[in-house]
Structure formats: C-alpha cells, structure tokens
There are 2 protein chains.
Amino acid sequence: MAKVSFREQVLRVREDAIVSSVNRLLAEKGFEAMTVDEVAADVGIAKASLYKHFPSKELLAAAAMVKVLERALAFLESTAKASPELSPLERLKAVVRWCLEVQLAGEMPSLPSQNSALRTTLMGHTPYLDCLMTVSETLGEWIVAAQAAGDVDPTLPPEVVLYTLFARACDPVLGVLKAGGQYTDEQVIDLLVRTSFGGLAAR
Amino acid sequence: MAKVSFREQVLRVREDAIVSSVNRLLAEKGFEAMTVDEVAADVGIAKASLYKHFPSKELLAAAAMVKVLERALAFLESTAKASPELSPLERLKAVVRWCLEVQLAGEMPSLPSQNSALRTTLMGHTPYLDCLMTVSETLGEWIVAAQAAGDVDPTLPPEVVLYTLFARACDPVLGVLKAGGQYTDEQVIDLLVRTSFGGLAAR
DNA sequence: GTCTATATCAAGATAGAC
DNA sequence: GTCTATCTTGATATAGAC
C-alpha cells in the first residue's frame, strides 16, 4: 500500500513537471508552434514516455488548461476567504490583476479558439469543463453582486462582463506594452485594469 | 502599351482574388490552420501558380494585411472627409465599430503575434509597415485631439489608447457573443463599443 | 514506464513540360 | 503563368526492446 502510494506520488510529480513545461511553452509560443518534441526535451524524457502519460498533444494542452483553471479557482477562494471586506468590484479587479500577473510571468497558456481538434478535445474533457464552470459561476456571482451594488454597469448583461474579464487572460495589449519597455510590470497592469473597468473615455 | 496595361489588369484582378481568399481564410481559420493548398483550391488555380504570385505563405498573409490596412485607411479618410462635424471621440468609436463589422463579416485576418517567421516577413515588408504607420498616425492624431477635448481619458498614454483600439480587431469576445446567438450583430457591436469606451464599471 | 528507432502524414515549396 | 507531379521537411504518433 505504501509502495503503491509512493509510485503514484512519483507519477504525479512527473506529470506535474510535464504540465508545467506545457504551460510555459503554451504561454511562450502558443499551441500550434509548440511541438511535442520540445515538451519532451524540456521535461527531460523521451517523447514516447510523454505519450504514455498524455496520449495526444490536445490532451497535453487540456491538462495545462485544467492546471491554470485550478490555480484561478484557488485564487478566487483565497480572495473570498482572506479578504471578505473587499467589495465585489474590488474582487473582480483583483482577478483581472491576477490574470495579467500570470500572463506576465509567462504562465498563462494561450489556446487558439479556432483549432477544431483542440476544441473537440476540450469540449469532451470533463475536468476542464468542470473547472471552467466553477470559475464562471463564482465570477458570475461576483458580477451580479457588483451590479447590485451599483459598482459594475447594471445595464451590461452579466455574461458580457464575464467574457470581457476572461478575455483579459489573452489580452494582446499586455505583450505590446511589455515589449515597448517603457513601463514597469506594475504600470502595465494598472493601465490595463484601468482601461478594462474605466474604459477609454474620460469620466 | 494598351496590351501591356490589359495584361497587368488581368494580373491585378487575379491577385485581388487571391488576396480576398487569403483574407477570408485567415479570418476563418487563422494563419497556422490555413494551408496554401486551401488557398489555391479556393481561388481555383494550381498551387504552383499561386507561388508565382506570392513566393511564400508569409507573403500571402502580408498581402492580406496590407489589403485590410488599406481598407482601414480608406475608411479613416472617408470618415474625416464625409463627417467633419464628428468629434474625435465619435470618430474613434466609428473606427472600432468598423473593425467589429469587418470582423463579423469574416474579413478581418487574424495573425498570431507569436509566429516568428511571419513576424520577420512583416517587419521587412515595406507596404505593410507604411500602411500600419499611416493608420497609426491618423488614429494617434484623433486620440490626442479627443484627449484635448476632454472626451478620452487624458491620463492614459496615447499609445495605450491606440493599442487598445487595435486590439478590438481581434477581440475574442465578439466571436463568443456571436456564437451565443442571443444578440443581433448590431447589439454585439454596441456592447463591445460600450465596454471599450465606457468600461465595465458603472458611471 | 522508459527508451531508440521508425512509421505516417500533412504541408510548404519546387521541377519541368506546355 | 499555368499546370501535374514530386521533393522535402517537420511533427504527431507508435512499435518493440528492456
């Protein structure tokens, strides 16, 4: 029993290493440009071994998405727990800030919404769907609460707000500003949080 | 002289057809998923003929980008000319609206900012750079004017406003709302213009 | 489960006749 | 310039030994 558990732990650690590599490579190069050979080389195992753990490139990406969604979920829970005094709007801002930080750290996998093989895999991947739904529901509650409090525009459909927040996870403006090199990471994040919630128009 | 001109016209028409196909396929599937075979089949010519016109897949994409930038430029000029009474802010909103309309029409090519071969080609493609610069300069003037008029947040760096506007050309929220099917095209566009300029927070 | 070696195939690009 | 046929490469995936 102990031996089995040990082996399972070793497996888990290895798979964690794989998913971490995938996560980083997905963030760096995107799904199409990332090759399975690269992943194997990055992890330091043979490609065939990799395929024993994850039977396809699409499932590799799915695992990476699950991992980042679990991280997001953990952040949501810690925010709700550790900072109950924060208003729903402040929480939503914190979520966007977290998204941008993860992106800046090169840990936000970006998947093409157009790739159909990948889409099919994701739509059939229960852990992914579960995580995505949980995150969406939590954010949805915060959004509705923020609207009720008069902090988020109540005339916007909540789902539009939700999608707009999700889109911050792959906002190309972040990379452009970062590449420009004339702002610190903190300034870039502040600018994007401001434009997301405050808009471009003067108040 | 007349004969040469005629031949050149035929060539131009053919290349226009090619670029139109590329434009549509890029909008539909993205750069990586679009294959040169598809383009050739769509245009109705052999692949080798295609390569006589455009020596690489990257140059095909560059031509598509130039075409859409030229369309954008024409829109900017017609807006400035036909509607001199519009405020700079209203013009900027019209530009975003135009971007979203082109996207909804399936005519907005979307290129991955990560692909390095493509990036290299674009950065060496003078017509592309020229068009991009002209568009950027025109928009930049409108942005500064809108800030001076107190309509656009004057505390935002103009370039941040510019990049945020450019990003509307590949906003994933558009596709998600469109796919949801519960809004008309006009409603989707209105929602995105509102969130872009007004932000998510209540006013 | 891990490895080396290989099958398989899709896609960018080209040769050469007309 | 257009075509058919082919080359070449790179990448997903697998076979089979240990």
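Below, chain A is the first sequence line, B the second, and so on; all start at residue 1.
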Does [X] reach the side chain of [Y], with side-chain heavy atoms less than 4.5 Å apart?
X: Pro112(B); Y: Asn115(B); answer: yes
X: Lys67(A); Y: Ser20(A); answer: yes
X: Arg14(B); Y: Val43(B); answer: no

For this session: Could you list by number each residue of residues 27-54 of chain B showing a heavy-atom separation from DNA chain D of less than 4.0 Å, or answer none if no residue does?
Result: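 DNA chain D contact set from residues 27-54 of chain B: Ile45(B), Ala46(B), Ala48(B), Ser49(B), Lys52(B), His53(B).
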
Problem set entry | chain B contact limits on DNA chain C, taken 5' to 3' with a cut-off of 4.0 angstrom to heavy atoms |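 Listing 5' to 3', DNA chain C meets chain B from dA11(C) to dA15(C).
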
Exercise. When you check the gap from the basic side-chain N to the acidic O, do Glu141(A) and Arg91(A) get nearer than 4.0 Å?
Worked result: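 Looking at Arg91(A) together with Glu141(A), the answer is no, because their closest N to O distance does not fall below 4.0 Å.
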
For this session: Enter the distance from Arg119(A):CZ to Thr121(A):OG1 here, rounded to the nearest 0.5 Å.
Result: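 The distance works out to 11.5 Å.
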
For this session: Taking ring-ring contact (aromatic ring centres under 6.0 Å, His included) as the test, write out the residues that go with Phe75(A), two or more places apart.
Result: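 For Phe75(A), the residues satisfying ring-ring contact (aromatic ring centres under 6.0 Å, His included) (neighbours in sequence not counted) are Trp98(A).
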
Problem set entry | Residue pair Thr35(A) / Asp37(A), side-chain donor-acceptor N/O under 3.5 Å |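 No pair is found: no donor N or O on one side chain lies under 3.5 Å from an acceptor on the other.
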
